[in-house]
Amino acid sequence: MTARSQSANAPARSRRKPATAAAAAPAAAGDDTFAARLLAWFDVSGRHDLPWQHPRSPYRVWLSEIMLQQTQVKTAAPYFERFVARLPDLPALAAAEQDTVLGLWSGLGYYARARNLHAAAKLCVERHGGELPRDLDALTALPGIGRSTAAAILSQAWGDRHAILDGNVKRVLARYHGIDGFPGLPAVEKRLWALAESHLPPARMTDYTQAQMDLGATVCTRADPACILCPLQNDCVARVHGRTAELPVPKPGKAVPQRHAQVLWLLDRSGRVLLQRRPPTGIWAALWTLPQHEDDEQAERWFETHLDGEYADGEALAPIAHAFSHYKLELQPRRWRAVALRARVGDNDGLRWFAREELAELGIPAPIRKLIEAAG
DNA sequence: AACTCGGGGTG
DNA sequence: CACCCAGAGTT
């Protein structure tokens, strides 16, 4: 039975339940429509013609999973074709010379994968009659096969009910459930495993496993995900809260500190904006920018001494995230319209009103320019 | 928990 | 150029 024939009767099943009518309830673990929606999407938009799907055999599934570790489909596919043409089954691999195996792997990288693959094939001949064992622990005991790869092999090759947790699934789940924290951290990973287990459908595991990877690879991509096409968009926490760009939390590089600042966007009655020249040293040295303060209290004190008007009238706008090499800065802008400087305040503070047409000539930090030149 | 393995794609 | 990718093994 092929993947195509297995999924052919799925639309009829999913039509019975109006999966698209799922309410915008918070994403919860347990009995939900996560898998049903994903499978319905997979039937229409999933990838059904990958090389290792036709024919689908335990050996080919295994080889594909190893090749796809930290490697994209487009890169691995030609290597896969060449490999199975030369070594079409597990006994052939076990009997091959190591140079042959490494030669077929040449250019793919992570060559320990090839050595482990070869050693595992020999172990299968010794221990399991020349076949891959249909058992999670026995598979995990083989070199190069961890928990996720073992689960992927069992579900893809035999339809057994095991959760996977690769980079795609981590990304989908971190966004869908709004999981903060780098997914590589053991505590976060443990939680993601539990969530992955909680969504397992009662059947169609072969398609479900492929569907998760397809969604992550083609819709829920790392950058610029196509949420409009996603079957999980209604109750995806990251989608609903506009946090798809923040989740999953990226691998911590060298723990750059996060700083915050208040930014005052002040407009006078003719629509001119008040800019302040920054000090000659430090970040954004000597550039023109919006008056900036470390916290709300300092910002209010500065406002009271420099401006006529009510600080509380300021409209809080969406925060702006900006990254430097050595720290991250979150700017919290507030906007006032039709305010005026106090009479005694002159240019001695490096303060000036600028008309909109004058901004193009000025040195203004990019995030600030983006803010104040935005339409509106 | 941090490090290592790697070539390729991407902004 | 920096970062990430259908992870797993070692220290």
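Residue numbers begin at 1 in each chain, while the letters A, B, ... track the order of the sequences. Model, not experiment: these values are computed from the prediction.
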Residue A:Glu297 excluded, over 12 heavy atoms near CD under 6.0 Å: no
Short side-chain N/O contact to C:dC5 OP1/OP2 from A:Thr75, under 4.0 Å: no
Heavy-atom donor-acceptor pair, A:Thr71 side-chain to B:dG6 base, under 3.5 Å: yes
Donor + acceptor pair across side chains of A:Asp296, A:Tyr311 (<3.5 Å): yes
NZ/NE/NH1/NH2 to OD/OE distance under 4.0 Å, A:Arg243 and A:Asp180: yes
Cation-pi geometry met for A:Arg335 and A:Trp265 (6.0 Å, 45°): yes
Touch class at under 4.0 angstrom, heavy-atom based, for A:Gln210 against every strand present: base
Sequence neighbours excluded - salt bridge (charged side-chain N to carboxylate O under 4.0 Å, His left out) pairs with any residue from residues 122-148 of chain A: A:Arg134-A:Asp160, A:Arg147-A:Glu197
Span that lies between the P atom of B:dG6 and that of C:dT11, in whole angstrom: 15 Å
Sugar-phosphate only, base, or nothing, as touched by A:Trp105 at under 4.0 Å among non-hydrogen atoms: nothing
Close residues, residues 211-228 of chain A, relative to DNA chain C [heavy-atom separation under 4.0 Å]: A:Met213, A:Arg222
A:Gln72 side chain near B:dG9 phosphate (N/O to OP1/OP2, under 4.0 Å): no
Proximity to the side chain of A:Lys74 - top-ranked nucleotide from C:dG9, C:dG7, B:dT10: B:dT10
Nearest-neighbour nucleotide for the A:Gln69 side chain, C:dC4, C:dA8, B:dG7 considered: C:dA8
Sugar-phosphate only, base, or nothing, as touched by A:Leu142 at under 4.0 Å among non-hydrogen atoms: sugar-phosphate
Residue pairs passing the side chain to side chain donor-acceptor pair (under 3.5 Å) test where at least one lies in residues 77-95 of chain A, sequence neighbours excluded: none
ring-ring contact (aromatic ring centres under 6.0 Å, His included) between A:Tyr176 and A:Phe34, intermediate numbers included: CA-CA 10 Å; A:Tyr176 182 71; A:Phe34 181 98; 5.0 Å; yes
Proximity to DNA chain C (any heavy atom under 4.0 Å), residues of residues 164-173 of chain A only: A:Asp166, A:Gly167, A:Asn168, A:Arg171
Side chain to side chain donor-acceptor pair (under 3.5 Å) contacts touching residues 183-193 of chain A (sequence neighbours left out): A:Lys170-A:Glu189
Partner residues of A:Ala76 under the side-chain contact (heavy atoms from CB on, under 4.5 Å) criterion, sequence neighbours left out: A:Met67, A:Leu68, A:Thr71
DNA chain B: 5'-proximal contact among A:Ala187 and A:Arg115 (nearest heavy atom): A:Ala187
Among C:dC4, C:dA8, B:dG6, the nucleotide that comes nearest once only the side chain of A:Lys251 is considered: C:dC4
